[in-house]
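Heads up: the structure comes next, in structure tokens.
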Amino acid sequence: MIAAFSVAPTVTNNATAAMSEAVARAVQVVRDSGLPHETTAMFTTIEGEWDEVMDVIKRATAAVEEVSPRVSLVIKADIRPGYTDMLHQKMNSLNKHLEA
């Protein structure tokens, strides 16, 4: 499965409401997981088996909960058993059409 998720604190400790420090905690959990992933300005996408992906998302959320009493979590998943490396294959398929 591929899951795109965004986790962020709803309460911050600074006047500009910057969230990058708390979000970095979540991204570090993803990076430490060893699963294929990509992080963009709005979402982190991770690929693996259902249980391992959901475990990483849960731990990433917990990392943000450590610094905020309330957390926002958005998840979108593509569940397609038997397929791997779809994190890259989906983009390759899209780019073929854009290059035509």
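Looking only at side-chain heavy atoms (C-beta outward), M1 and D78 stay at 4.5 Å or farther from each other. Inter-residue side-chain proximity for F43 and V74 is flagged as met; some heavy-atom pair is nearer than 4.5 Å. Put simply, the side chain of V67 reaches to within 4.5 Å of the side chain of R25, judged on heavy atoms. No side-chain heavy atom of V7 sits under 4.5 Å from any side-chain heavy atom of I75. Inter-residue side-chain proximity for L87 and E38 is flagged as met; some heavy-atom pair is nearer than 4.5 Å. Within the 4.5 Å cutoff, no side-chain heavy atoms of V23 are placed close to those of V64. Counting only heavy atoms from C-beta outward, the side chains of V27 and H37 never approach each other to under 4.5 Å. Under the 4.5 Å side-chain criterion, counting only non-hydrogen atoms from C-beta, W50 is not in contact with D55.
To the nearest 0.5 Å, atoms NZ (K90) and CG (D85) are separated by 12.5 Å. Atom NZ of K76 and atom OG1 of T45 lie 10.0 Å apart (nearest 0.5 Å). The structure places CG of D51 at 9.5 Å from CE of M54, a figure rounded to the nearest 0.5 Å. Within the model, atoms CD1 of I2 and CE of M86 stand 6.0 Å from one another, a figure rounded to the nearest 0.5 Å. Put simply, CG on L73 and CD1 on I57 are 7.0 Å apart, with the number rounded to the nearest 0.5 Å. Summarising the geometry, atom OG belonging to S33 is positioned 7.0 Å from atom CZ belonging to R59; distances are rounded to the nearest 0.5 Å.
Counting heavy-atom neighbours within 6.0 Å of R31 CZ, excluding the residue itself, gives a total of 12 or less. Crowding of E49 atom CD: a count of heavy atoms from other residues, nucleotides or ligands under 6.0 Å not exceeding 12.
In this structure, A63 and V29 approach most closely via the heavy-atom pair CB-CG2, 4.0 Å. Taking each heavy atom of A8 and M19 in turn, the nearest pair found is CB-SD, 3.7 Å.
In the hydrophobic cluster analysis, where Ile, Leu, Val, Met, Phe, Trp and Tyr join through side-chain heavy atoms closer than 4.5 angstrom, I79 is grouped together with V53.
A donor-acceptor contact closer than 3.5 angstrom is absent between the side chains of S72 and T10.
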Do V30 and F5 pass the side-chain contact (heavy atoms from CB on, under 4.5 Å) test, and can you show the C-alpha distance, the side-chain angles, and the key distance before you say yes or no? CA-CA 11 Å; V30 174; F5 77 102; 3.6 Å; yes
